[in-house]
Amino acid sequence: MDKAYNHKHAEEKWYDFWEKSGFFKPEVNPLGKPYTIVLPPPNASGKMHIGNVLMIAIEDILIRWHRMKGYSALWIPGSDHAGAETQITFERELKKQGKSRFSYNRTELYQAIWGFVQENKNVIKKQIRQMGASVDWDRYAFTLDDKAISIVHNTFRKLAKDNLIYRGDYMVNYCTKCGTTYSDVELRHEERKDPLYYLKYGPFVLATVRPETKFGDTAIAVNPGDKRYKDWIGKEVEVEGLNGKFNLRVIADNFVDPLFGTGVVKVTPAHDKNDYDASLRHNLEIKPVIDMDGKLNEKAGKYQGLSVLEGRKRVVADLRDGNLLEKIDENYVHNVTLCKAGHDIEPMVLPNWFIKVDDKKKSLKKPAFDVVKKGLVKIYPKWREITYTRWIDEMHDWPISRQNVWGIQIPVWYEVVDPNKFYIWFIDKNNEYRHGNLGKLLDQDFKIDEIISGLQRVLAMANVSWVFADDKDDGKIYFPETDTFDTWFSSGQWPIATLGYPESSDFKKFYPTSVLETGWEILRLWVSRMVMLGIYITGKPPFHSVYLHGIVRALDGRKMSKSLGNVINPDEYIDQYGVDALRMGLIAGTANGKDFTFPKDRVIAYKHFANKIWNMGRFILVMINEYNVEIISLNSIDSKKFTKEDKAILKDVRKVVGKVDISLGKYRFADAGEEIYQFMWHTIADKYIEQVKNRDDKQIALTVLLHVYKTCLKLLHPFMPYVTEELYQYMPKEASEPNSIMIANWPIYEKSTSFNAK
RNA sequence: GGGCUCAUAGCUCAGUUGGUUAGAGCGUUACAUUGACAUUGUAAAGGUCAGAGGUUCGAAUCCUCUUGGGCCCACCA
């Protein structure tokens, strides 16, 4: 043995050994009770981050612990295509090469991203192995595998058959730069200072940040309790506009805050969420003035073709010239909504695919709420439960279509009866990128075949009829739906997809899975959807428990982000301190699922710990050698020969086993790790080993020591697999030890079995 | 505006239903040690447990308020 522990040696050696031994597969123990975890698939858009490392460490502890205890343990690895995120990352790469997605047709773009993702997937696989994760690689899955896609398609069909799918006009968060719709949870809000313009508006003055949308105004609103405007309610007023005079009705609605601005609001249902909601209440016309590409349309008259911001400038200038601008508040601070890429979100009314989540006949959200309330799905830590239940309670219909190429295409076709109900994006035969109303495009002598062969995107109005591919009639013209599913719709079926629903033996044996372990930030995005869809498809929630770990913050205590430059790269820590130390250090920070600062000191401390137990092992071997001790079975020693130190340590180690079992059963990983650490260092090494040095009965002392030491190695194995395996292999074996590999070898003591497996 | 959460040693954090002198890692100081240990061991210093009030035989722990952080949701034209 080397004088000091070399983590690099151990890390190179043991992973293959474990994998080849077959112990990563549940088949190695077919009679054991199933214990299953589906790895939350890391995004194939890039490398793993420190949060993934924590996630893998926790899940590996759970899996190794159960495997050692005799469960048929299965941990399924995978990668997520991560639709929008990956496409944005890829397009950023393209930009560096001076290209964009418009340089490709759909198929080419999909292929190009596929290649890009393939590289990332391989890197991630390597990192998962390096972490020591005892996953079953034969069951590795990707969210765009044919199998996964077909399950997602089937679910969509089932939903459609149950009338839980509809297309509808809906106010969506549209990004005119990304060319796609985002769900609420994919957005962020940012405080920003913008000018607030006070416009003269017929008999009123009103305040707005967005004067350029005034061409889409279809009403004026005041608060019903506002005495100043009481007499105007219900009346039509004439407004002098930049494109001539027009008339608007004055409505009363509670959404208007009488204290803001002048207490009068222009209502623009097509481009504002509040106004849209009000328009439904008051039956107002919805009049879009912004196009899909973020430019003002024909309703803006002479401003047509200008971008929103240019339009705003021109409109403001003209209002000023026309003496229609009362004043400007330059210091107005408000929240704006941005997409992931940082562009302004444009609220627009567009046709979308929706899942009805609270249908009267077949509610999706009710059972998802109930299973958690009734404790059929337990959430740890418990106080996170309220986040889940509140979210489910408030959940509204789920828009599931995304305008990305990278994803699972919605398997639907539209019959082209009235071309004017289609808006089309395509590349023509001269490689020119074009888009527009299909009727107009056909008038311009583009042929259907040419359009279809260069097709980029189809937007059909909400009332166009659609069919599944099998139901297409010969001789009719169809356009495919080009939208793909929201990734959370497909990953919401991940436990089912990875286990091969409905026929496979895996599904029958391992579903529902034991625990879903992930960061709390995707509790609503992902966990809630899995519960909802899992119950809908199979009748059972996909897991018994949910364990939510906290987010690892940077060394400065802030959230890690590329822009702050405080991102922690796990590679450096693995290189310097070793996988075991990094895993253990991270675990020690996770006590109750709160966010925590990256515990660098502890990583170093556990590197020292690895070295400490290494040298304890060395000491044992040196002594055995020096005193030429024959190792016998602990049971064969007459108990009268034990000293009080022997008896005490044997009693203590049992207690430690019991405590570790109990802590792990409660997902208290830090407690369990700390217990082993303290016992090994400050009881075995500091006390027991010191007295061994002076013992005359070296054989008994060393037999006891070896037994206690190896018991601790086993306890520690789920946390620090590499160093423990290496040491275990150095140690002499007792005849009673069934396996010469740590992986199936949990210490069992009668009083230590009180733990909850599921 | 609604909700969650936190404030404990110089730093990062434990402290599980309220119960003896409040703990760990790192750091600091002193001494010892180079025949297991990139050292390690022994010991020490360091906290009015954010503040105020209350419940209790007893509060870091339960309740109320105050102050100051973090986060989530909603979002104001």
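Among the protein residues, A:D686 comes within range of the sugar-phosphate backbone only, with heavy atoms under 4.0 Å from sugar or phosphate atoms but none that close to a base. Here A:I689 lies in heavy-atom contact (under 4.0 Å) with a base. Contacts of A:N274 with the nucleic acid, taken as non-hydrogen atoms under 4.0 Å apart, involve only primed sugar atoms and P, OP1 or OP2. Heavy atoms of A:Y677 sit under 4.0 angstrom from primed sugar atoms or phosphate atoms, though from no base atom.
Checking the phosphate oxygens (OP1, OP2) of B:rC72, no side-chain nitrogen or oxygen of A:R524 falls inside 4.0 Å. A:R668 has a side-chain polar atom (N or O) that falls below the 4.0 Å cut-off from OP1 or OP2 of B:rG15. Between A:T387 and B:rC73 there is no side-chain N or O to OP1 or OP2 distance below 4.0 Å. One finds no side-chain N or O of A:W681 lying less than 4.0 angstrom from the OP1 or OP2 phosphate oxygen of B:rC37. For B:rA74, neither phosphate oxygen OP1 nor OP2 lies less than 4.0 angstrom from any side-chain nitrogen or oxygen of A:H396. In terms of phosphate contacts, A:N615 brings no side-chain nitrogen or oxygen within less than 4.0 Å of OP1 or OP2 of B:rU39. Under 4.0 angstrom from either OP1 or OP2 of B:rC13 there lies no side-chain N or O belonging to A:K594. For B:rA36, the OP1/OP2 oxygens have no side-chain nitrogen or oxygen of A:K3 closer than 4.0 Å.
Panel note: side chain A:T683, backbone A:M680; no donor-acceptor pair is recorded below 3.5 Å. Put simply, the side chain of A:N611 never gets that close to the backbone of A:A4: no donor and acceptor are under 3.5 Å apart.
Using a 4.0 Å cut-off between charged side-chain N and carboxylate O, A:K659 and A:E674 make no salt bridge. A salt bridge between A:K8 and A:D575 is present, with a side-chain N of the basic residue lying under 4.0 Å from a carboxylate O of the acidic one. Between A:K287 and A:E285 there is no salt bridge, since none of the side-chain N atoms of the basic residue sits less than 4.0 Å from a carboxylate O of the acidic one. A salt bridge links A:D277 to A:K273: at least one charged side-chain nitrogen sits closer than 4.0 Å to a carboxylate oxygen. Between A:D646 and A:R695, at least one side-chain nitrogen of the basic residue sits less than 4.0 Å from a carboxylate oxygen of the acidic one, meeting the salt-bridge criterion.
Closest-nucleotide positions on RNA chain B for A:I386 and A:D275 were compared, and the one nearer the 5' end corresponds to A:I386. Comparing A:E626 and A:D601 against RNA chain B, the residue whose closest nucleotide sits nearer the 5' end is A:D601.
Using a 3.5 Å distance cut-off with no hydrogens or angles, the side chains of A:W65 and A:D661 do pair a donor with an acceptor.
With distances taken from any side-chain atom of A:F260 to the nucleotides B:rC76, B:rA38, B:rA36, the minimum falls on B:rC76. The side chain of A:R390 sits closest to B:rG2 out of B:rA38, B:rG2, B:rU42. Closest to the side chain of A:W520, from the set B:rC72, B:rG25, B:rC75, is B:rC72. Nearest nucleotide to the side chain of A:E690, out of B:rC76, B:rU16, B:rA36: B:rA36. Candidate nucleotides B:rU16, B:rA38, B:rC13 were compared by shortest atom distance to the side chain of A:A4, and B:rA38 ranks first.
Atom CD in A:E394 sits about 10 Å away from atom P in B:rC75, given to the nearest Å.
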*Using Watson-Crick and G-U wobble pairs with both distances under 3.5 Å, what is the 5'-to-3' dot-bracket string of RNA chain B, with [ ] for crossing pairs and | for pairs outside the strand?*
(((((((..((((.....[...)))).(((((.......))))).....(((((..]....))))))))))))....
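Contacts of residues 573-588 of chain A with RNA chain B (heavy atom under 4.0 Å): none.
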*Worked check of ring pair (Phe, Tyr, Trp, His ring centres under 6.0 Å) between A:Y606 and A:F719*: CA-CA 11 Å; A:Y606 286 114; A:F719 298 82; 9.2 Å; no
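Each of A:V546, A:I58, A:L54 was compared with A:E517 under the side chain to side chain contact (heavy atoms under 4.5 Å, CB included) criterion, and only A:I58 meets it.
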